[in-house]
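A note on names: the letters A, B, ... follow the listed sequences, proteins ahead of strands, and every chain is numbered from 1.
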Amino acid sequence: MSDTSTTTARATDHPVAIPADMDEVRVRFAPSPTGSLHIGGAKQMMYDVLFAHGEARRAGKQGTVILRIEDTDRKRLVEGAVENLMEGLRWLGLAWDEGPDVGGPYGPYVQSERQHHYREAAERLVVSGHAYRCFCTPERLQQVRENQQKRGLPPGYDRHCRNLSADEVQAKLDAGEPFVVRFKMPLDGETRFTDLLRGEIVYQNDKLEDLVILKSDGFPTYHLAVVVDDHEMKITHVMRGPEWIPTAPLHVQLYAALGWEMPIFAHMPLILAPTGGKLSKRHGAASIQDFRDAGYLPEALLNYLALLGWSLDGKTEIYTFADLLEHFTIERASASPSTFDRDKLDWLNQQWINHHITVDDLAARVLPFLIKAGTIEPGPADASHPRFADVREAAALLKDRIKLLTEAPDLMSYFLRDELEDYDAALLVPKKVEPAAALTLLEAVAKVLPELDLNDLEATEARLRALADELGVKAGQLFMPIRVAATGRTQSPGLFETLRAIGKERVIARVDDAIAKLREHSAR
RNA sequence: GGCGCAUUCGUCUAGCGGCCUAGGACACCGCCCUCUCAAGGCGGAGAUCAGGGGUUCGAAUCCCCUAUGCGCUACCA
């Protein structure tokens, strides 16, 4: 009885994600075009989409996802990065409603094209006394930091220009000295804000710095740009990485100084590398393109990402994106970071290939990999490719055995190519059988082969089992050399369907080759 | 160093005061199925819930401290 009535509300109780009086939820994914789409970025975008298009819409709200390019750091721009980013998102099936390519009511959606908004805001802040011009040179800042470090003090700007008189400022301006604009952080008191996943977070103002909001090249820093744009684009929920928590107080103060309403913050957890640090190429793959090239399905990748830091019930493992849209709630997202586990991703990928896509789909997806590897001739990467029927047949047999699409060229080669890769003749000799006896087995097979109808699986099996009896060996001892002769390897799908797919003509030729190979082998 | 966030099997997680002698999944091991390899089925091992203090009749669940990990500490985002 005492449990519910006397327990005080927990300080960490999650705030409401979508206030009842809010009728539109607007979120944004705001990458910097400094490279390819990182798996962590993809996860952030996934949360945006699941929240706006899933949770918000289920609650009867309008849910809008915005793609905004944050290219205020002119030094780190990478050519083609924006297109790259969008391509990665499209491949994953993560869609946005407003963005640089599709436009929208609050464009442009590229920060470098929104300069005047930031300058205006910075100007307003300077005029209202919330920000000031700082003429300190990079050399002086460097010097200050070094001194602080030497004396064991925390490094940071010493607010040298914070109290410059109007005359002093004017003089420097007249002299043409370059300057940045810094935000005047309150010197005492505290700044608090609510994080959707963590509850209230409090910072003591005397520990915070006067950060730069407008750089000397006239471009804003992230802090100013993000606040201005989020406000002007009417963003209701700021979902981003946890690395932004320490600067969130600045953003909170910026909103207050500008007199704008704050959005709701949700700092989504990071993906860690198995070794502890950041996930990078060193761990196999880091960008979406890497995963795509490595043969992962977008469905599996999204499924995996969803399971990292979120779960519906702790039991369900397989989710289509539609499932996620139907069930995702940010309230169930964890605040703690998670470690990337390649094994689990691989398992999910195989689950998807084995059980959740059709044979036709598999064939189509495998096609580009086969073409790239030269297993089949170049052509359209869809059902109109001349070899599609063959690929489809191989795909049907290998569906339960493919973990990554990249395995297809190797696994399918004996179906799709006339020539077998060279293999060791010793493989033709089954366990507990002498090489000479193995030769007898294959010769017997070669003799019955012409009269077999390989399309009749049961009859073929019956005949070959009978043959094993006649030869006095176990079925398996006869089947293995046939498998090796037909495929060049000891592992394959079921023998009879494999023979059927390879075709009688090629099987006969390959068995003959195997016999020759074995003769040569035992002669030595 | 300062500030902040996080902390349940090796990994991803369930768990919101009694149902927990802590459940599921990956990986691992064994068995079954079987012409091989997979897939599939069954089972096993694996977490004194980071440690220590409280609160409570009762704590993985609430509070405090410590430890550890990670992040930030740029005119990068």
J.: Give me the distance, rounded to whole Å, that separates B/U7 from B/C28 when you measure between the C1' atoms they each carry.
T.: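 Approximately 25 Å lies between the C1' atom of B/U7 and that of B/C28.
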
J.: Does this structure show an ion pair linking A/Glu317 with A/Lys344, if we count only N-O contacts that are shorter than 4.0 Å?
T.: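 Yes.
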
J.: Given A/Trp310, which partner from the list A/Tyr319, A/Tyr304, A/Tyr47 fulfils the ring pair (Phe, Tyr, Trp, His ring centres under 6.0 Å) test?
T.: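 Among A/Tyr319, A/Tyr304, A/Tyr47, the one meeting ring pair (Phe, Tyr, Trp, His ring centres under 6.0 Å) with A/Trp310 is A/Tyr319.
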
J.: Please lay out, stage by stage, how A/Tyr132 and A/Phe179 fare under the test ring pair (Phe, Tyr, Trp, His ring centres under 6.0 Å).
T.: CA-CA 10 Å; A/Tyr132 59 94; A/Phe179 64 88; over 10 Å; no

J.: Checking the side chain of A/Asn205 only, and the main-chain atoms of A/Leu187 only, is there a donor and an acceptor separated by less than 3.5 Å?
T.: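 Side chain of A/Asn205 to backbone of A/Leu187, a donor-acceptor pair under 3.5 Å: no, none is there.
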
J.: Compare the minimum distances between each of B/A39, B/C12, B/C76 and the side chain of A/Asn354, then state the nucleotide with the smallest one.
T.: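 The answer is B/A39.
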
J.: Keeping to residues at least two apart or across chains, list the salt bridge (Lys or Arg N to Asp or Glu O under 4.0 Å) pairs with something in residues 471-489 of chain A.
T.: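 Counting only pairs at least two positions apart or across chains, the salt bridge (Lys or Arg N to Asp or Glu O under 4.0 Å) contacts touching residues 471-489 of chain A are A/Asp410-A/Arg489, A/Glu421-A/Arg489.
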
J.: Which value, in whole Å, describes the distance between the C1' atoms of nucleotides B/C49 and B/A59?
T.: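 Comparing C1' positions in B/C49 and B/A59 gives a spacing of 11 Å.
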
J.: How is A/Val180 classified with respect to the nucleic acid when contacts are heavy atoms under 4.0 Å: base, sugar-phosphate, or nothing?
T.: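 Contact class for A/Val180: base.
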
J.: Any strand is fair game: report the nucleotide pairing with B/A25 by Watson-Crick or G-U wobble, both distances under 3.5 Å, or none.
T.: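 Here B/A25 is engaged in a pair, and the nucleotide opposite it is B/U11.
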
J.: Mind calculating the distance between CD1 (A/Ile318) and P (B/A39) to the nearest angstrom?
T.: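 In whole Å, B/A39 P lies 13 Å from A/Ile318 CD1.
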
J.: I'd like to know if A/Arg401 reaches the base of B/C37 with its side chain such that a donor and an acceptor end up less than 3.5 angstrom apart.
T.: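 Checked by distance alone, the answer is yes.
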
J.: By nearest atom, which of the nucleotides B/C76, B/C35, B/G2 is closest to the A/Phe496 side chain?
T.: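 That would be B/C35.
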
J.: Tell me which nucleotide among B/C35, B/A27, B/A39 gets nearest to the side chain of A/Asp343.
T.: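 My answer, after comparing the listed nucleotides, is B/A27.
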
J.: Indicate whether OP1 or OP2 belonging to B/C75 is found under 4.0 Å from a side-chain N or O atom of A/Arg182.
T.: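 So the side-chain polar atoms of A/Arg182 do come within 4.0 Å of the phosphate oxygens OP1 or OP2 of B/C75, strictly under.
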
J.: Just compare B/C5, B/C75, B/G40 and give me whichever is closest to any side-chain atom of A/His355.
T.: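 When the side chain of A/His355 is considered, B/G40 is the closest of B/C5, B/C75, B/G40.
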
J.: In whole angstroms, how far is the C1' atom of B/C3 from the CD atom of A/Gln148?
T.: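 Distance, rounded to whole Å: 15 Å.
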
J.: Working note: A/Trp244 + A/Tyr222, criterion ring pair (Phe, Tyr, Trp, His ring centres under 6.0 Å); need CA distance, chi angles, decisive distance, verdict.
T.: CA-CA 10 Å; A/Trp244 296 110; A/Tyr222 169 84; 3.7 Å; yes

J.: So what does A/Leu495 hit on the nucleic acid, given a heavy-atom distance under 4.0 Å: a base, only sugar-phosphate, or nothing?
T.: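 If one applies the 4.0 Å heavy-atom cut-off, A/Leu495 turns out to touch a base.
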
J.: Could you tell me how far B/C42 sits from B/C70 if I compare only their C1' atoms? Round to whole Å.
T.: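 Here B/C70 and B/C42 have their C1' atoms 41 Å from each other.
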
J.: If you measure from the P atom in B/U11 to the same atom in B/A47, how many Å do you get, rounded?
T.: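 Those two atoms are separated by 12 Å.
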
J.: Does a distance-only test, which skips hydrogens and angles, find a donor-acceptor pair under 3.5 Å between the side chain of A/Ser338 and the base of B/C12?
T.: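 No.
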
J.: Can you tell me, in whole Å, how much space there is between the C1' of B/G18 and that of B/U56?
T.: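 Taking atom C1' in both B/G18 and B/U56, they lie 12 Å apart.
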
J.: Identify the nucleotide, in any strand shown, that forms a Watson-Crick or G-U wobble pair with B/C33, with both distances under 3.5 Å; if there is none, say none.
T.: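 B/C33 is unpaired by these criteria.
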
J.: Applying the Watson-Crick and G-U wobble criteria at under 3.5 Å, what pairs with B/C70? Answer none if nothing qualifies.
T.: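 Partner of B/C70: B/G4.
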
J.: Over how many whole Å does the gap from A/Leu348 atom CG to B/C12 atom C1' extend?
T.: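 So the CG-C1' distance, A/Leu348 to B/C12, works out to 10 Å.
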
J.: Does B/G4 have its OP1 or OP2 closer than 4.0 Å to a side-chain nitrogen or oxygen of A/His267?
T.: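 No, A/His267 has no side-chain N/O under 4.0 Å of OP1/OP2 on B/G4.
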
J.: Touch check for A/Ile201, heavy atoms < 4.0 angstrom, all strands: base, sugar-phosphate only, or nothing?
T.: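 Answer is sugar-phosphate: A/Ile201 comes under 4.0 Å of backbone atoms only.
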
J.: Take the protein atom OH of A/Tyr157 and the nucleotide atom C1' of B/A74, then report the distance between them rounded to whole Å.
T.: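 The distance from OH of A/Tyr157 to C1' of B/A74 comes to 14 Å, rounded to the nearest Å.
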
J.: If you apply the rule side chain to side chain contact (heavy atoms under 4.5 Å, CB included), what do you find for A/Tyr118 with A/Ile213, and how did you get there?
T.: CA-CA 9 Å; A/Tyr118 315 125; A/Ile213 56 174; over 6 Å; no

J.: Between A/Arg198 and B/U7, is there a side-chain N or O to OP1/OP2 distance below 4.0 Å?
T.: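 Checking B/U7 against A/Arg198, no side-chain N or O comes under 4.0 Å of OP1 or OP2.
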
J.: From A/Gln111 CD over to A/Arg114 CZ, what is the distance, rounded to the nearest 0.5 angstrom?
T.: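 Rounded to the nearest 0.5 Å, the CD-CZ separation comes to 7.5 Å.
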
J.: Between B/C33 and B/G24, how far apart are the two C1' atoms, rounded to whole Å?
T.: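 My reading of the C1' atoms in B/C33 and B/G24 gives 25 Å.
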
J.: Could you measure the distance from the CZ atom of A/Arg159 to the NZ atom of A/Lys184? Nearest 0.5 Å is fine.
T.: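 If I round to the nearest 0.5 Å, the distance is 11.0 Å.
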
J.: Name the nucleic acid region contacted by A/Pro274, choosing base, sugar-phosphate or nothing; use a 4.0 angstrom heavy-atom cut-off, strictly under.
T.: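 Here A/Pro274 touches no strand at all.
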
J.: To the nearest Å, how far apart are A/Tyr222 OH and B/C76 C1'?
T.: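 For the pair A/Tyr222 OH and B/C76 C1', the rounded distance is 12 Å.
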
J.: Nearest to the side chain of A/Gln350 - B/A77, B/C5, B/A38?
T.: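 It is B/A38.
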
J.: With distance as the sole test, does A/Asn349 use its side chain to make a donor-acceptor pair with the main-chain N or O of A/Ala300 at under 3.5 Å?
T.: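 Not at all, since once roles are kept as given, no pair shorter than 3.5 Å links the two residues.
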
J.: Please round to the nearest 0.5 Å and tell me the distance separating atom CG of A/Leu416 and atom CD of A/Glu393.
T.: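 Atom-to-atom, A/Leu416:CG and A/Glu393:CD are 9.5 Å apart.
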
J.: So, is A/Thr34 close to the B/C76 phosphate, meaning a side-chain N or O under 4.0 Å from OP1 or OP2?
T.: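 For B/C76, neither OP1 nor OP2 has a side-chain N or O of A/Thr34 closer than 4.0 Å.
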
J.: Quick one: is A/Lys403 getting a side-chain N or O under 4.0 Å of the B/C37 phosphate, OP1 or OP2?
T.: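 Checking A/Lys403 against B/C37: no side-chain N or O falls below 4.0 Å of OP1 or OP2.
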
J.: Taking only the P atom of each, what is the distance from B/U73 to B/A60 in whole angstrom?
T.: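 Comparing P positions in B/U73 and B/A60 gives a spacing of 39 Å.
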
J.: Within this structure, what is the OH-SG distance for the pair A/Tyr157 and A/Cys136, rounded to the nearest 0.5 Å?
T.: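 It is 3.5 Å, given to the nearest 0.5 Å.
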
J.: Can you tell which of B/A77, B/G4, B/U36 lies closest to the side chain of A/Lys215?
T.: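 Selected nucleotide (nearest to the side chain): B/A77.
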
J.: So, is A/Gln351 close to the B/G40 phosphate, meaning a side-chain N or O under 4.0 Å from OP1 or OP2?
T.: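 For B/G40, OP1/OP2 do have a side-chain N/O of A/Gln351 under 4.0 Å.
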
J.: Closest to the A/Arg483 side chain: B/U36, B/C26, B/A77?
T.: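 For A/Arg483, the side-chain atoms sit closest to B/U36.
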
J.: Without decimals, in angstroms, what is the distance between A/Gln477 CD and B/U36 P?
T.: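 It works out to 12 Å between those atoms.
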
J.: Does B/C76 have OP1 or OP2 under 4.0 Å away from a side-chain N or O of A/Lys75?
T.: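 Looking at the OP1 and OP2 atoms of B/C76, one of them is under 4.0 Å from a side-chain N or O of A/Lys75.
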
J.: Looking at A/Thr490, I'd like to know whether one of its side-chain N or O atoms comes within less than 4.0 Å of OP1 or OP2 on B/U36.
T.: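 Checking A/Thr490 against B/U36: no side-chain N or O falls below 4.0 Å of OP1 or OP2.
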
J.: Identify whether any heavy atom of A/Ser311 sits under 4.0 Å from a base atom; if not, whether one sits that close to sugar-phosphate; answer base, sugar-phosphate or nothing.
T.: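 Touches sugar-phosphate only.
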
J.: B/C62 pairs with which nucleotide, Watson-Crick or G-U wobble, both distances below 3.5 Å?
T.: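 Result: B/G54.
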
J.: Which whole number of Å gives the distance between the P atom of B/A27 and that of B/C12?
T.: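 Their P atoms lie roughly 15 Å apart.
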
J.: Using purine N1 to pyrimidine N3 plus N6-O4 or O6-N4 for Watson-Crick, or N1-O2 and O6-N3 for G-U wobble, each under 3.5 Å, what pairs with B/U48?
T.: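 B/U48 is paired with nothing.
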
J.: Round to a whole Å and report the spacing from CD of A/Glu177 to P of B/C75.
T.: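 For the pair A/Glu177 CD and B/C75 P, the rounded distance is 17 Å.
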
J.: Expressed as a whole number of angstroms, how long is the span from A/Tyr132:OH to B/C75:C1'?
T.: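 Spelled out: OH on A/Tyr132 to C1' on B/C75 is 13 Å.
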
J.: Tell me whether the side-chain N/O atoms of A/Thr339 come closer than 4.0 Å to OP1 or OP2 in B/C12.
T.: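 Answer yes for this pair, as a side-chain N or O of A/Thr339 is under 4.0 Å from OP1 or OP2.
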
J.: Return the polar atom pairs (N/O with N/O) between nucleotides 66-73 of chain B and the protein under 3.5 Å, or none.
T.:
none

